[in-house]
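A short write-up of the structure that comes next.
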Amino acid sequence: MGDPLVNINFGAGTNPGAQLSAATTSYQYVTNDCPNDGFYTVRNNTNSCFGNSWFSLAADHTGNTNGYFMLVNASIQPSAFYVDTVRGLCGNSTYEFAAWIINMSILQPNGCNGNPIQPNISFAIEKIDGTVLQSYNTNNIPPSTSAIWKQYGFFFNTPIGISDIVLRMTNNATGGCGNDIALDDITFKPCGPLLTPSIVGLPTTTTTLCEGSSKTFDFSCTVSSGFNLPTYQWQQSFNGAPFTDIIGQNSTSLQINFIPNAAVGVYEYRLSAAEAGNLNSLQCRISSTTIKITVNKKPITTCINDGPICEGNTITLTATGGDIYQWTGPNNYVGSGNTVTINNITLANAGIYNILVKDVNGCEKTDFTSVIINQKPTVQTSFLDSTICAGKTVQLLAIGTGSFEWTPSATLINSSTSAPIAKPTIDTKYTVVVTNSFGCKDSAYSNVTVVQKPVVNAGPDKIIVANKSVVLDGNVSGNIERFAWSPNEFISNINALLPIVNPPSNKQYTLTVTASKGCGEVSDSVFVKIYEGIFIPNSFTPNGDNKNDIWNIPALEAYPLHELVIYNRYGQVVFQRKKSSNGWDGKLKGDAAPAGAYTYVIDLKNGTNLIKGSLLIIR
């Protein structure tokens with residue numbers, strides 16, 4: 001087939017379309033979308049005609065919602081509804097006539113009693129004088145349940161010297177209920193031999209190149225029989241533009257050279273053919289299908305990294321613009337993917353990273369990014385572990401280049417120097433971070449252990465009677481190297497916390513603790529009071545002059561479990577104490593007890609006999 005010489009598509013626009021010329025149809029034109037018998041209209045749609053017994057069309061046969069079609073309601077008597085004169089054909093040539101038609105009647109039980117009249121269309125190709133050259137009949141076009149455009153057509157030959165013909169369309173069915181059609185895209189195409197193009201060496205007639213490539217293609221076209229003496233012309237089109245002749249290319253083969261600066265786009269090639277003498281008339285040509293070469297644009301790429309970065313960290317490389325990514329770089333690096341990462345990066349990883357980007361068309365482009373890696377500083381501390389006594393200081397020291405910052409800073413004097421003074425109160429790990437001019441960091445640490453002063457308690461003072469013994473209640477805790485009692489007299493073991501002592505007279509014992517790590521000594525003392533015996537006063541004068549106002553027996557403190565009871569002469573208890581050192585103030589129920597004699601009884605609670613006697617209140 002050649003390109004359509006005639007394509008009657010009725011145009012496009014808003015409703016209604018323009019009426020046809022009087023010579024084209026004898027039907028009467030109306031502007032509405034539902035013409036009656038013997039009328040027609042030109043529309044881009046029709047809707048709900050005749051109680052929805054017609055199809056509602058929303059577009060022409062190509063799907064163009066603005067495209068017009070001819071809508072015909074057949075006349076009662078059979079007649080020609082479309083007549084047109086086609087001029088400029090080539091004599092002694094074969095043409096295809098075709099038209100797209102829909103039977104507008106919907107097949108439904110209640111439409112025309114389920115039996116609508118069926119259109120029956122005859123097409124005739126005539127000479128100007130009315131001589132019929134070729135005719136064709138569609139037979140009855142039955143109704144259906146859906147609107148389907150169908151193409152009807154046939155081939156005809158023009159006699160030698162005949163270039164103008166008349167097309168006549170006649171509806172052979174009588175009008176009435178049914179017999180209604182839509183008509184669109186009436187075409188005439190020249191016909192000839194089958195032209196089969198190919199790209200030498202390729203299985204298809206479609207291929208691609210990438211921008212900047214150079215390649216030579218050899219095209220060939222096989223021509224079947226059909227012309228007595230065929231002549232040929234290769235044509236080309238770029239990005240959908242009309243085909244134009246390639247001057248001098250008049251054989252069945254063609255060589256095309258693509259150079260690196262060929263424009264991006266779609267290049268199409270086809271072979272046109274005609275009988276000898278007709279090649280210069282476009283109406284007489286037929287054309288092959290096209291050979292399509294697409295020159296695809298190279299990928300538009302980006303290539304970046306998130307540096308500069310300090311050695312030892314992770315750097316990310318990112319590229320865009322394609323579907324396949326292949327990386328190469330310093331230190332024998334290879335990678336794939338649009339985003340890659342390099343962990344624990346070193347100075348050897350610095351430099352240019354190249355990326356080869358490929359898209360879905362196989363086109364590729366190289367790009368690169370430069371990775372800058374800054375050297376990380378190094379820092380060392382003068383010691384990892386140190387021990388100091390509580391309350392003492394220690395000087396930390398870091399060796400490195402850059403700015404220093406120690407943490408925790410609360411117990412440091414000048415935490416921003418390389419050698420701060422530390423006075424921790426508890427065990428502390430000091431960390432130093434050094435930062436160089438690139439912002440790169442390194443860290444080190446020193447542990448300082450604080451030896452706390454021990455806690456010592458020699459216990460409460462002791463009271464005993466001569467020739468008796470008592471246990472001291474010593475207690476120590478903390479970082480202790482050793483402890484001992486002094487003096488080493490009348491004591492069972494100076495290195496025991498609970499030694500037994502039996503001094504003959506009052507004596508003070510001191511418990512001394514030596515802290516570990518040479519952190520000094522701490523001591524506490526206990527006093528041991530010795531009574532020669534139990535002296536019991538026989539009178540007292542509770543008159544408020546602060547002299548002899550209280551009756552007491554101090555030596556009873558050596559017997560902490562003792563009990564003391566005092567009775568009046570009537571045997572009544574006027575004073576009583578247990579496990580206490582309180583004396584009697586000479587009062588009974590808050591009032592002064594009468595002067596006179598009283599009796600006391602003492603139980604030492606040590607298995608000895610009760611001690612009894614009398615005392616006298618003098619007022």
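All values reported here derive from a predicted model rather than from experimental measurement. Residue numbers start at 1 and run along the sequence shown.
Counting only residues at least two apart or on different chains, no side chain to side chain donor-acceptor pair (under 3.5 Å) pair has a member in residues 195-214. A disulfide bond (SG atoms under 2.5 Å apart) check over residues 56-157, counting only residues at least two apart or in different chains, returns the pairs Cys90-Cys284, Cys112-Cys177.
A distance of 9.0 Å separates SG of Cys191 from CG of Asn157, quoted to the nearest 0.5 Å. Distance check, rounded to the nearest 0.5 Å: CZ of Arg43 to SG of Cys34 gives 8.0 Å. The CG atom of Leu57 sits 7.5 Å away from atom CG of Leu71, with the distance rounded to the nearest 0.5 Å. For the atom pair OG (Ser272) and CZ (Phe243), the distance works out to 8.5 Å, reported to the nearest 0.5 Å. Ile199 CD1 to Leu254 CG: the interatomic distance, rounded to the nearest 0.5 Å, is 11.0 Å. In this structure, OG1 on Thr14 lies 8.0 Å from CG on Asn66, to the nearest 0.5 angstrom.
Here Trp327 pairs with nothing under the ring pair (Phe, Tyr, Trp, His ring centres under 6.0 Å) rule; sequence neighbours left out. Remark: Phe217 pairs with Phe258 by the ring pair (Phe, Tyr, Trp, His ring centres under 6.0 Å) rule, at least two apart or across chains. With sequence neighbours excluded, the residues that form a side-chain hydrogen bond (donor to acceptor under 3.5 Å, both in side chains) with Thr369 are Asn305. With sequence neighbours left out, Tyr269 forms a ring pair (Phe, Tyr, Trp, His ring centres under 6.0 Å) with Phe219. With sequence neighbours left out, Glu126 forms a salt bridge (charged side-chain N to carboxylate O under 4.0 Å, His left out) with Arg168. Scanning for ring pair (Phe, Tyr, Trp, His ring centres under 6.0 Å) contacts around Tyr40 gives Tyr29, with sequence neighbours left out.
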- Item | Worked check of side-chain contact (heavy atoms from CB on, under 4.5 Å) between Trp100 and Leu183 | CA-CA 6 Å; Trp100 293 85; Leu183 174 68; over 6 Å; no
Please list, one pair per line, the donor and acceptor atoms closer than 3.5 Å that link side chains of residues 353-362 to other protein atoms, with sequence neighbours excluded.
| unit_1 | atom_1 | unit_2 | atom_2 | d |
| --- | --- | --- | --- | --- |
| Tyr353 | OH | Asn349 | O | 2.6 |
| Asp359 | OD1 | Asn361 | N | 3.0 |
| Asp359 | OD1 | Gly362 | N | 3.1 |
| Asp359 | OD1 | Cys363 | N | 2.9 |

Side chains of residues 291-303: which donor-acceptor pairs under 3.5 Å do they make with residues two or more places apart or in other chains?
| unit_1 | atom_1 | unit_2 | atom_2 | d |
| --- | --- | --- | --- | --- |
| Thr301 | OG1 | Asp367 | OD2 | 2.9 |
| Thr302 | OG1 | Thr320 | OG1 | 2.4 |

What donor-acceptor contacts under 3.5 angstrom involve side-chain atoms of residues 44-51, with partners at least two apart or in another chain?
| unit_1 | atom_1 | unit_2 | atom_2 | d |
| --- | --- | --- | --- | --- |
| Asn44 | OD1 | Asn15 | ND2 | 2.7 |
| Asn44 | ND2 | Gly13 | O | 2.7 |
| Asn45 | OD1 | Asn15 | ND2 | 3.1 |
| Thr46 | OG1 | Asp33 | O | 2.8 |
| Asn47 | OD1 | Ser56 | OG | 3.3 |
| Ser48 | OG | Asn52 | OD1 | 3.2 |

Please list every donor-acceptor pair under 3.5 Å in which a side-chain atom of residues 132-144 meets a protein atom from a residue at least two apart or in another chain.
| unit_1 | atom_1 | unit_2 | atom_2 | d |
| --- | --- | --- | --- | --- |
| Asn137 | OD1 | Asn139 | N | 2.6 |
| Asn137 | ND2 | Asn120 | OD1 | 2.8 |
| Asn137 | ND2 | Ile121 | O | 3.2 |
| Asn137 | ND2 | Ser122 | OG | 3.0 |
| Thr138 | OG1 | Ile121 | N | 3.0 |
| Thr138 | OG1 | Ile121 | O | 3.3 |
| Asn140 | OD1 | Asn120 | ND2 | 3.1 |
| Ser144 | OG | Ser146 | O | 2.7 |

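With ring centers used as reference points, Phe10 lies 6.0 Å or more from Phe69. Ring to ring, Phe97 and Phe188 are close: their centroids are under 6.0 angstrom apart.
Between Arg285 and Asp245, at least one side-chain nitrogen of the basic residue sits less than 4.0 Å from a carboxylate oxygen of the acidic one, meeting the salt-bridge criterion.
Annotation: side chain of Gln375 is in contact with side chain of Glu311 (closest heavy-atom distance under 4.5 Å).
Asn64 and Thr62 share no side-chain donor-acceptor pair at under 3.5 Å.
Using modelled atom types, one side-chain atom of Thr231 and one backbone atom of Ala274 make a donor-acceptor pair closer than 3.5 Å.
More than 12 heavy atoms of other residues, nucleotides or ligands lie within 6.0 Å of CG in Asn239, so this atom counts as buried by the packing criterion.
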